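The structure under discussion appears below in the form of structure tokens.
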Amino acid sequence: MAGQSEAFLEHAASGLTTLCRAWAINRADGTSFGFTDHDCDLSFDGITFRADTGLSAAALAQSTGLSVDNTEALGALSDASVREDEIEAGRFDGAEVTAWLVNWAEPDVRWLQFRGTIGEIHRSGGAFQAELRGLTEALNRPLGRIYQKPCTAVLGDANCAFDLSAPGYVHEGPVDRVIEGRVFEWDDLNGFEPLWFQRGRLDVVSETGAGLWGMIKSDLVRDGVRRIELWEPVRASGLDGETMRLTAGCDKRFETCRLKFNNLLNFQGFPDLPSEDWMMAYPTQAGANTGGSRR
């Protein structure tokens with residue numbers, strides 16, 4: 001089978017094997033976890049795979065071609081390994097997962113069975129169930145250019161090419177109050193117009209919630225207090241006084257790209273694309289009907 005070394009094949013064919021499974025989880029914040037269904041810890045590739053975590057995996061479904069590989073990981077929530085508050089905060093969303101079949105008597109003899117990411121996670125009764133998605137999962141997403149009036153780029157990406165470090169487009173500093181992880185208030189955040197950060201992004205910079213972020217739903221100033229509300233709460237406690245980074249928002253309109261960001265040359269939309277009702281247009285005797293621009 002693909003990816004199996006000669007040593008692994010010889011061991012598997014011996015009739016008396018010492019095989020177990022091992023999984024590694026690498027989160028976007030750089031934290032790594034190792035688990036195994038063996039009764040003793042294993043170590044390789046600089047990771048210790050713990051045997052006392054209660055993690056197990058369902059049967060791995062693999063196939064040739066471009067169909068999606070998938071499996072599930074099941075385990076008990078533990079303060080020493082996978083914590084419920086970290087799942088709630090989204091720290092495991094999209095984390096990279098690697099799974100091996102390992103000769104526990106000689107860990108260098110192993111077979112890489114699966115590589116993918118964590119999908120949906122369900123929690124109940126002090127346990128969790130995580131969907132593991134294979135590398136071909138990316139083929140389920142639409143790719144290619146979309147013809148539409150709004151810009152299709154993400155502010156600051158390679159297609160947009162706008163420098164988000166430019167003065168006036170990012171603010172970084174401590175927040176005065178956090179309400180239910182969704183509303184963030186600053187008593188003295190001047191120099192930015194109302195709605196400047198709407199549709200932008202809030203990132204937690206300081207250690208308590210470092211790596212967590214949310215998209216900004218509204219940006220209002222009332223009685224000198226700037227109130228930033230997110231679409232979804234940042235699920236971490238103790239954020240009052242922590243350092244936040246606010247990034248200016250973009251509503252993907254032609255006018256916004258030109259006036260707010262002065263980045264019209266990189267606009268990725270089609271502002272002159274006619275709307276659906278252009279098919280209903282017809283000649284008329286009343287008024288001017290010159291056939292000119294419909295913008």
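A quick note: this is a predicted structure, and the numbers were derived from the prediction, not measured.
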- request: Indicate yes or no: does Asp176 engage Arg226 in a salt bridge with an N to O separation below 4.0 Å.
  value: no
message: Nearest 0.5 angstrom please: Leu9 CG to Ser14 OG, how far?
response: 11.5 Å
message: Could you work out, with side-chain contact (heavy atoms from CB on, under 4.5 Å) as the rule, every residue matching Arg115, not counting sequence neighbours?
response: Glu96, Thr98, Leu112, Leu135
task: Hey, could you give me the CZ/CZ distance between Phe261 and Phe162, rounded to the nearest 0.5 Å?
output: 6.0 Å
query: Any sub-3.5 Å donor-acceptor pair from Arg110's side-chain atoms to Pro107's backbone N or O?
result: yes
task: Heavy atoms only: give me the nearest Leu164-Val170 pair and the separation to one decimal.
output: O-CG2, 2.9 Å
- prompt: Asp45 side chain to Ile47 main-chain N or O, any donor-acceptor pair under 3.5 Å?
  reply: no
field: Heavy-atom pair with the smallest gap, counting every atom of Pro174 and Gly241
entry: CB-O, 3.5 Å
task: Please check if any side-chain donor atom of Asn26 sits under 3.5 Å from a side-chain acceptor atom of Ser32, or the reverse.
output: yes
message: Under the rule for side-chain hydrogen bond (donor to acceptor under 3.5 Å, both in side chains), what residues qualify as partners of Thr152, not counting sequence neighbours?
response: none
task: Could you give me the CA-CA distance, side-chain angles and deciding distance for Val204 and Val234, then say whether side-chain contact (heavy atoms from CB on, under 4.5 Å) is met?
output: CA-CA 9 Å; Val204 183; Val234 174; 4.2 Å; yes
message: Using the side-chain contact (heavy atoms from CB on, under 4.5 Å) criterion, which residues pair with Gln198? Sequence neighbours excluded.
response: Leu195, Ser218, Asp219
- line: When rounded to the nearest 0.5 Å, the distance separating OG of Ser206 from CE of Met244 is 5.5 Å
- prompt: Do Ile87 and Leu239 share a hydrophobic cluster, counting only Ile, Leu, Val, Met, Phe, Trp and Tyr and linking them when any side-chain heavy atoms are less than 4.5 Å apart?
  reply: no
message: What I want to find out is whether Arg27 reaches Glu86 closely enough, with some N-O distance under 4.0 Å, to be called a salt bridge.
response: yes
task: Kindly indicate whether the side chain of Ile228, heavy atoms from C-beta on, has any atom under 4.5 Å from the side chain of Trp186.
output: yes
field: Partners passing ring-ring contact (aromatic ring centres under 6.0 Å, His included) against Phe184 (at least two apart in sequence or in another chain)
entry: none
task: Establish, for the pair Arg201 and Trp213, whether the NZ or CZ atom is under 6.0 angstrom from the six-membered ring centre and no further than 45 degrees off its axis.
output: yes
- request: Keeping the roles fixed (side chain from Asn263, backbone from Asn266), state whether a donor-acceptor pair exists under 3.5 Å.
  value: no
- prompt: Quick one: salt bridge (Lys or Arg N to Asp or Glu O under 4.0 Å) pairs with a partner in residues 160-173, sequence neighbours left out?
  reply: Glu172-Arg245
field: Expected output: side-chain Thr36 to main-chain Ala51 donor-acceptor under 3.5 Å
entry: no
message: So which atom in Cys20 and which in Leu42 form the shortest heavy-atom distance, rounded to 0.1 Å?
response: SG-CD1, 3.5 Å
message: Please check: side-chain N/O of Asp223 versus main-chain N/O of Val225, any donor-acceptor pairing under 3.5 Å?
response: no
message: So if I apply the side-chain contact (heavy atoms from CB on, under 4.5 Å) rule between Trp111 and each of Leu101, Leu19, Val102, which one comes out positive?
response: Leu101
query: When Ile, Leu, Val, Met, Phe, Trp and Tyr are grouped by side-chain heavy atoms lying under 4.5 Å apart, directly or through other members, which residues fall in the same group as Leu265?
result: none
task: Check the hydrophobic clustering (I, L, V, M, F, W, Y; side-chain heavy atoms under 4.5 Å; chains of links allowed) and say if Ile25 and Ile121 are grouped together.
output: yes
task: State the NE2-CG distance between His171 and Leu246, to the nearest 0.5 angstrom.
output: 6.0 Å
- prompt: Quick one: hydrophobic cluster around Leu16, which other residues, with the 4.5 Å side-chain cut-off, linked directly or via members?
  reply: none
query: For the residue pair Leu155 and Cys250, what are the closest heavy atoms and their distance?
result: CD2-CB, 4.3 Å
message: Taking the ring centre of each residue, are Phe44 and Phe49 less than 6.0 Å apart?
response: yes
field: Path from Ile216 to Phe192 over hydrophobic side-chain contacts below 4.5 Å
entry: yes
message: For Tyr169 and Trp196, I'd like to know if the aromatic rings sit close, meaning centre-to-centre distance below 6.0 Å.
response: yes
Closest heavy-atom pair and its distance - Leu212, Ala236: CD1-CB, 3.6 Å
task: Can you tell me which residue pairs pass the salt bridge (Lys or Arg N to Asp or Glu O under 4.0 Å) test with a partner in residues 181-196, sequence neighbours excluded?
output: Arg177-Glu185, Arg177-Asp187, Glu185-Arg227
- request: Any chance you could measure Ile118, atom CD1, to Asp93, atom CG, to the nearest 0.5 Å?
  value: 8.5 Å
query: Between Asp37 (side chain) and Arg21 (backbone), is there a donor-acceptor pair under 3.5 Å?
result: yes
- prompt: Passes side-chain contact (heavy atoms from CB on, under 4.5 Å), Val178 versus Val175? Steps please.
  reply: CA-CA 7 Å; Val178 180; Val175 63; 3.7 Å; yes
query: Is the backbone of Gly249 close enough, under 3.5 Å, to the side chain of Lys260 for a donor and an acceptor to pair up by distance?
result: yes
task: Please name the pair of heavy atoms, one in Ala24 and one in Trp100, separated by the smallest distance, quoted to 0.1 Å.
output: CB-CZ3, 3.8 Å
query: In chain order, what residues pass the side-chain contact (heavy atoms from CB on, under 4.5 Å) check against Thr18, with sequence neighbours excluded?
result: His11, Asn103, Trp104, Ala105
- request: Check which hydrophobic residues are tied to Val221 through side-chain heavy-atom contacts below 4.5 Å, counting indirect links as well, and list them.
  value: none
- prompt: Hey, is the main chain of Val205 close enough, under 3.5 Å, to the side chain of Asp203 for a donor-acceptor pair?
  reply: no
- request: Keeping to residues at least two apart or across chains, list the ring pair (Phe, Tyr, Trp, His ring centres under 6.0 Å) pairs with something in residues 129-151.
  value: Tyr147-Phe270
- prompt: Could you give the distance from SG (Cys151) to CD1 (Ile146), rounded to the nearest 0.5 Å?
  reply: 11.5 Å
Counterpart residues, side-chain hydrogen bond (donor to acceptor under 3.5 Å, both in side chains), relative to Arg199 (two or more places apart): none
- prompt: Would you say Lys149's side chain and Phe254's backbone share a donor-acceptor pair under 3.5 angstrom?
  reply: no
